[in-house]
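Order of the sequence lines fixes the chain letters, A, B, ..., with proteins taken first and strands second; residue numbering starts at 1 for each chain. Heavy-atom basis, side chains included; hydrogens, waters and symmetry copies ignored.
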Amino acid sequence: MARYNAKESERKWQAAWIAAQSFLTPTDSAKPKCYVLEMFPYPSGRIHMGHVRNYTMGDVIARFKRAQGFNVLHPMGWDAFGLPAENAARDNVSSGKNSGINPREWTYANIAAMRSELQALGLAIDWTREFATCDPEYYKHQQRLFLDFYKDELVYRSEADVNWDPVDLTVLANEQVIDGKGWRSGAAVERRKLSQWFFRITKYSDELLRALDGLEKWPEKVRLMQKNWIGRSEGLRFAFELSNLTKLDVFTTRPDTLFGASFVALSPDHPLTEELAKSDEKLRDFIAECRKVGTAEAEIETAEKLGYDTGLTAAHPFDPAWKLPVMVANFVLMGYGTGAIFGCPAHDQRDWDFARKYRLPILPVVMPADAEGFDVQQAPYVGPGKLANSRFLDGLDVEAAKAEIAARLEARGVGKRTVNYRLRDWLASRQRAWGCPIPMIHCAKCGVVPVKQVDLPVRLPDDLNFNVRGNPLDAHPTFKHTTCPSCGGPATRDTDTLDTFVDSSWYFARFADPTASEPVNREAVNYWLPVDQYIGGIEHAILHLLYARFFTRAMHETGWTTLDEPFAALFTQGMVCHETYQGASGNWIEPAEIEKRDGKAYLRGTGTEVTVGHSEKMSKSKKNTIAPMGMIDVFGADAIRWFMLSDSPPERDVDWSEAGAEGCWKFVQRIWRLVSEAEGLPAPGTKIGEATGAALELRQATHRAIAAVTDDLAHLRFNRAVAQIYALANAITAASGVDGAARREALEAIVLMVGPMMPHLAETSWEALGHTTMLVDTPWPAAIAALTKSDTVTLAVQVNGKRRGEIVLAPGAGEAATRAAALADEDVKRVLDGKTPKKIIVVPNRIVNIVV
RNA sequence: GCGGGCGUGGUGGAACUGGUAGACGCGCUGGACUCAAAAUCCAGUACCGCAAGGUGUGUCGGUUCGAUUCCGACCGCCCGCACCA
């Protein structure tokens, strides 16, 4: 029999699946639904190994669920707006080549290329639902949602301090600033005051937090990250009276320490600070100093506390004669709480550092139960204890003291218990041309006026000139100028576009019916959503997943859906890594140029040794990428898919290796040999008679494998399913002489189970086994319970916890019989050497432990 | 600094709620087939030991008849947040 021809098989079955639309397009709504979705890709031009891993996993689930009788939706689209397209257009302009190219053409060309690459993987995707977020047919509906949100005050415009990325020349959301740098450009973010559009995500702070508990099929890690990001803390907000006769609001989570206060501190960005700075040059210098440290040098100057005494004092709320100095301190953030605090150095590390430096008193007010070594002059104490030096609080524990202070201040009307969140509203304006235009118009007379719904979409012009500084949309000759929908007078459009995370915040709902004349088809959304299994990278744990959760709630509130959570189950897969290679000058070298001889790495065809570095996520900058298409060409799509599922648990990183891919390719051939060289098989559908001996063993191996693989796939344990399939292949090899019916059963089972993972090989094998209908139309095999059980069970016999012998019994043998068999075992007897057991523990079907 | 996770053979990793540690793959060793090689097939492969036996899941301790699994301390690695009052 000929070798398995992967290329021919792939061509044949990919065409056949698409021709049989019933396979890819869900139709039968009488079956239970299952919506399988992988995070859609940015159309960069070609797929990478990370895509291969992500989409292979999704495909396995989709095919598995379909075989199990679910009505499966498994769509694909394109997260198509974004900066790379603009950069490509700009490069083309500056180099003078292809001056006709624009982001739209660049993007759609990339989509076409990547679509054919994904199809080469044999993914069972319903391509009839495909769309790109840059299609006006998509972003028109997004603009509609924006207007609806605006109507319901879930969108608002505000002047605010914003994060300005000086390289990408745009603003960024808080979530997109990482270590003070832009998430994309890596440039140190600057602060600017600009009037921008915000999504009121903080309206749902509490809901987004509480609902995390219900997301039981999400990784604990992601839930925790979101929880920390939302950052709920309970505390007290109250006012100090200042010596200039104004009031100052502060927020604290430790009102119990109020009698240990030794200063009040303002953020350098606090309005009062700014007010005072008008007549205080030194303060102005100090603020400038703080801003410098606060942004660019944030990491270097970590611990240094800086303060400035304003000369004002604040009266202690429970003792007007007690005056606290009012300082400006660099460690107080305007963005959290009220931007002002009181400092209690004895019980807070930062306050302690600050008090040390500026020689402020450190007064202990919380005493630990064990006072040994307790000295707040040496270090702050943040643990539990009883209050002291605190007048009416003395003797109370921390929680009781918090309640008492809060109650007294609330009664006087100067304080209020509040819940504070770290989460800020989502700044969604971007000064970019290749994005969804914000459907708003600025009129000198009427102010900000929404575009009328009938005028949607606000369409991006095709003739953008990228040879300008700043936003090309702003510089466009006609886009900007329009008339006011309200008064009809001349007006200008908002030339900002929406953050591309908006595009990906509701695409999963659009897939339910991508041709709907409204943003979503309510009936289709109610049927398909939530997504039953969502799969993507951990890097989206906060940004994308939090925004999508917000959008789902906002769409609910504006009447578009009836659901709160978009993704019932989430799986975050690991990355694909590869060794890195560096030449003598530290230059990165591609794997293709490397040759390995006797454990060392050399430049191919030379004697030049190169340094082998750690395995890292495949990236262009380290040049350690492997192009999936080249590997598919060599090993076939199935072998590459198999590799992505083997060995490493799916949530962990996997190391790409050519040897591993080769091993997978060998297994493809092995399955093919088992199937194509099988002789003496009865016709498909032949009933199996009573099996005994080797045939029974094969049948048991088959049904145990079915049970195990089914369970593993249901729990996304692809690596374990793979191991079970190897074991079954070994059993089939070992049983080459047994009864044909049992072998047919085993071969059909292994082919069906390989189906979701290596679909082309499976179809070809299925056909070779004599079937005339496609494997994808065949139900998942069912394990026969009687055959998954064994008629004997081997128990270990321990003496004092050490394994000394083995006994073989019928399953379900009673405690007495098990005990007797254990004591009768020759090995055990020898070890016991006549001694009388003190105690015998019998765990039926598992183990016996004899204690002497 | 705070929060979370992970440490198992030469290697990737198995081991369900505490119950025979190392499934399965890679690699390696030996054999068969071959003029030879590749491919394939068969056998072996935690460590020490000829063997009987002993030792083993980062380290130390605890709970238990029994611990990779539970608890405590420490060491190492990874991830997230970071002056959050």
Side-chain angles (χ1 to χ4, degrees), chain A residues 3 178-180 219-229 231-233 235-236 250-255 257 265 267 293-294 298-299 301-306 329-333 335-344 347-351 353-354 420-423 538-539 541-542 642-643 646-649 651-655 657 659-660 662-664 666-667 669-670 673 708 711 715 717 719-730 733-734 736 794-807 837-852:
Chain A
R3 210 165 226 234
I178 293 146
D179 291 338
E220 192 55 46
K221 182 185 169 76
V222 174
R223 293 198 279 172
L224 190 69
M225 280 167 75
Q226 292 215 352
K227 189 178 165 208
N228 291 338
W229 188 264
R232 180 182 200 273
S233 58
L236 180 73
V250 300
F251 175 75
T252 180
T253 56
R254 291 297 302 273
T257 63
S267 164
V293 173
E299 284 171 293
E301 301 282 347
T302 41
E304 185 70 7
K305 303 275 181 291
L306 297 174
N330 64 342
F331 65 90
V332 182
L333 307 175
Y336 190 79
T338 62
I341 60 160
F342 76 81
C344 174
H347 305 290
D348 182 280
Q349 183 70 51
R350 288 156 309 160
D351 296 347
D353 293 343
F354 191 77
N420 203 51
Y421 295 91
R422 209 186 82 107
L423 184 68
I538 186 79
E539 66 272 20
I542 294 173
W642 190 250
F643 184 100
S646 306
D647 288 351
S648 282
E651 68 277 9
R652 238 182 269 182
D653 291 352
V654 64
D655 269 318
S657 77
E662 218 161 291
C664 294
K666 284 181 186 173
F667 187 64
Q669 295 298 340
R670 187 172 166 209
R673 269 198 319 277
D711 190 50
H715 294 95
R717 297 186 295 240
N719 57 320
R720 280 165 58 173
V722 163
Q724 297 293 348
I725 286 169
Y726 273 115
L728 181 55
N730 291 344
T733 302
S736 61
T794 307
L795 288 81
V797 182
Q798 299 180 331
V799 177
N800 288 338
K802 279 197 182 8
R803 197 170 82 82
R804 296 297 183 180
E806 254 178 27
I807 50 175
K838 279 186 205 145
K839 191 176 177 187
I840 301 177
I841 289 111
V842 177
V843 183
N845 300 328
R846 283 196 185 269
I847 205 162
V848 179
N849 193 6
I850 301 168
V851 186
V852 291

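B/rG5 atom P lies 8 Å from atom CG of A/L224, rounded to whole Å. Rounding to whole angstrom units, CD of residue A/E651 and C1' of B/rC6 are separated by 12 Å. Remark: P of B/rC79 and CD of A/Q226 are 20 Å apart, rounded to the nearest angstrom. Rounded to an integer number of Å, the gap from CG of A/D647 to C1' of B/rG22 is 15 Å. The CZ-C1' distance, from A/R803 to B/rG54, rounds to 14 Å in whole Å. Taking atom CG of residue A/D653 and atom C1' of nucleotide B/rC6, one finds them 12 Å apart after rounding to whole Å. Atoms CD (A/E662) and P (B/rA38) sit 13 Å apart, rounded to a whole Å.
Not a single donor-acceptor contact under 3.5 angstrom links the side-chain atoms of A/N849 to the base of B/rG66. One cannot find a donor-acceptor pair under 3.5 Å joining the base of B/rC65 and the side-chain atoms of A/K838.
Between A/G663 and A/A723, it is A/A723 whose nearest contact on RNA chain B lies nearer the 5' terminus. Taking for each of A/N228 and A/I538 the nucleotide of RNA chain B with the nearest heavy atom, the 5'-most of the two is the partner of A/N228.
With a glycosidic angle no more than 90° from 0, B/rG9 adopts the syn conformation.
For A/K305 and A/F354, the positive end is not near the middle of the six-membered ring at less than 6.0 Å and at most 45° from its axis.
Here B/rG13 is the nucleotide among B/rA39, B/rG13, B/rC81 with the atom lying nearest to any side-chain atom of A/P649. Candidate nucleotides B/rA85, B/rC79, B/rG19 were compared by shortest atom distance to the side chain of A/Q798, and B/rG19 ranks first.
Phosphate contact (OP1/OP2 of B/rG18, side-chain N/O of A/R846, threshold under 4.0 Å): absent. OP1 or OP2 of B/rA14 has at least one side-chain nitrogen or oxygen of A/N719 nearer than 4.0 Å. The phosphate of B/rC81 (OP1 or OP2) has no side-chain N or O of A/R422 nearer than 4.0 angstrom.
If you check B/rC41 for Watson-Crick or wobble pairing at under 3.5 angstrom, you find it paired to B/rG31. Pair assignment for B/rA15: none, as no Watson-Crick or G-U wobble contacts are both less than 3.5 Å.
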